[in-house]
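None of the values given here were measured: they were computed from a predicted structure.
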Amino acid sequence: PVFAAVIVAAAVSSAECVPGDLVLNLPSGAKLDAYWLLMRMTSEVFRTSPAGDAISVDGSLGAWTYILMWMHPQHEEPPLTLGGAYTLLPVAHKYGFIKLVARAVDVVKGHPLFPHHSLPSTYIISWLSLAEDLQLDALQDKCWSSLRGWTGKQVAAALMNDCDNVPGVRSQVKNLPPDTIFRLMGLLAQKA
């Protein structure tokens with residue numbers, strides 16, 4: 001597959017604005033050109049799915065734009081922010097871009113997470129909820145190690161400063177599995 005990627009990279013980079021052979025139809029109505037061979041080489045899901053001219057996919061325009069720039073040999077790997085990782089991770093995980101999932105988790109590991117919800121991408125409960133949803137052990141470990149290093153007041157703030165009062169942002173604590181909530185309560189009791 002690596003050799004094939006080099007051949008595709010050479011062919012694609014020598015052409016100017018060659019449209020892709022696959023159209024990604026996003027929920028927003030946006031359409032993005034992609035290259036079927038590159039999708040198959042970088043995604044566990046596309047590797048086993050039948051070829052087609054167009055496919056409907058879930059996810060935002062921002063997430064798919066990043067994925068396409070990341071996989072396309074003509075581009076340098078784009079920088080990934082904490083907010084970008086938060087948007088990208090569910091899509092990359094769903095479509096089996098395993099290396100991109102690992103990259104996004106590494107970005108999260110390199111940033112502090114906070115007990116308040118000023119931005120969902122920095123709110124530790126948002127990340128814990130996402131880690132639980134996607135079953136990402138490394139991301140769960142990052143969240144729990146951060147929480148263990150906090151004071152009781154900070155853990156309580158993370159639980160009490162949930163997003164219920166922020167318009168357009170869903171509650172994260174309510175979406176956690178019961179065993180995770182009990183674990184958070186146990187951590188809070190230890191710190192009290």
Side-chain angles (χ1 to χ4, degrees), residues 1-2 4-5 8 19-75 77-111 113 117 119-144 163 168-181:
V2 174
V8 170
D21 56 356
L22 174 67
V23 175
L24 302 177
N25 295 315
L26 278 61
S28 66
K31 297 179 184 304
L32 294 172
D33 277 347
Y35 293 93
W36 184 253
L37 183 58
L38 288 176
M39 296 291 277
R40 290 186 68 127
M41 289 171 39
T42 55
S43 163
E44 295 293 318
V45 172
F46 285 99
R47 184 170 294 138
T48 58
S49 62
D53 294 336
I55 187 168
S56 293
V57 293
D58 292 326
S60 69
L61 179 61
W64 278 105
T65 300
Y66 186 90
I67 289 169
L68 294 174
M69 287 178 64
W70 167 78
M71 77 166 66
H72 199 284
Q74 193 173 15
H75 296 283
E77 187 168 319
L80 186 58
T81 64
L82 195 58
Y86 188 77
T87 301
L88 174 72
L89 249 172
V91 178
H93 184 268
K94 179 175 183 169
Y95 292 99
F97 294 101
I98 294 170
K99 289 182 180 178
L100 192 50
V101 168
R103 173 153 163 50
V105 169
D106 285 345
V107 166
V108 178
K109 286 178 172 181
H111 284 82
L113 301 176
H117 57 67
L119 293 171
S121 63
T122 63
Y123 179 43
I124 195 160
I125 301 299
S126 295
W127 283 108
L128 186 57
S129 178
L130 186 61
E132 294 282 345
D133 286 349
L134 303 180
Q135 298 291 302
L136 295 173
D137 293 340
L139 188 52
Q140 290 174 2
D141 292 346
K142 160 66 176 178
C143 293
W144 287 110
C163 300
V169 178
R170 68 185 181 118
S171 169
Q172 298 297 322
V173 172
K174 290 178 186 174
N175 294 316
L176 291 172
D179 59 322
T180 301
I181 293 173

Item to complete: Test side chain to side chain contact (heavy atoms under 4.5 Å, CB included) on Leu32 and Val57 and set out the steps.
Response: CA-CA 11 Å; Leu32 294 172; Val57 293; over 6 Å; no
Residue list, side-chain contact (heavy atoms from CB on, under 4.5 Å) with [X], at least two apart or on another chain:
{"X": "Asn25", "answer": "Val23, Lys31, Ala54, Ser56"}
{"X": "Thr81", "answer": "none"}
{"X": "Ser28", "answer": "Leu26, Ala30"}

Evaluate the side-chain proximity of [Y] to [X]: yes if any heavy-atom separation is below 4.5 Å, no if none is.
{"X": "Tyr35", "Y": "Leu22", "result": "no"}
{"X": "Thr42", "Y": "Trp70", "result": "yes"}
{"X": "Val108", "Y": "Tyr86", "result": "no"}
{"X": "Phe46", "Y": "Ile55", "result": "yes"}
{"X": "Leu136", "Y": "Leu130", "result": "no"}

Item to complete: Could you pull out all residues at least two apart from Thr180 that satisfy side-chain hydrogen bond (donor to acceptor under 3.5 Å, both in side chains)?
Response: Glu132
Looking at [atom1] of [X] and [atom2] of [Y], how far apart are the two atoms once the value is rounded to the nearest 0.5 Å?
{"X": "Met69", "Y": "Leu80", "atom1": "CE", "atom2": "CG", "answer": "11.5 Å"}
{"X": "Ile125", "Y": "Cys143", "atom1": "CD1", "atom2": "SG", "answer": "8.0 Å"}
{"X": "Met41", "Y": "Arg47", "atom1": "CE", "atom2": "CZ", "answer": "9.0 Å"}
{"X": "Leu38", "Y": "Ile67", "atom1": "CG", "atom2": "CD1", "answer": "13.5 Å"}
{"X": "Thr87", "Y": "Trp64", "atom1": "OG1", "atom2": "CH2", "answer": "14.0 Å"}

For [X] and [Y], work out which heavy atoms get closest and say how close.
{"X": "Pro78", "Y": "Arg103", "answer": "O-NH2, 3.2 Å"}
{"X": "Ala63", "Y": "Leu88", "answer": "O-CD1, 3.7 Å"}
{"X": "Gly59", "Y": "Pro27", "answer": "O-CD, 3.4 Å"}
{"X": "Ser129", "Y": "Leu176", "answer": "CA-CD2, 3.5 Å"}
{"X": "Gln140", "Y": "Gln135", "answer": "NE2-CA, 4.2 Å"}

Discussion item. Tell me every residue that passes salt bridge (charged side-chain N to carboxylate O under 4.0 Å, His left out) with Arg40, counting only those two or more places apart in sequence or in another chain.
Written reply: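 Scan of Arg40 (salt bridge (charged side-chain N to carboxylate O under 4.0 Å, His left out), adjacent residues dropped) gives none.
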Discussion item. Using modelled atom types and a 3.5 Å cut-off, is there a donor and acceptor pairing between side-chain atoms of Lys142 and backbone atoms of His111?
Written reply: yes
Using atom types as modelled, flag every donor-acceptor pair under 3.5 Å from a side chain in residues 89-100 to any protein atom, sequence neighbours excluded.
from, atom 1, to, atom 2, distance (Å)
His93, NE2, Leu134, O, 3.1
Lys94, NZ, Asp58, OD2, 2.2
Tyr95, OH, Asp58, N, 2.7

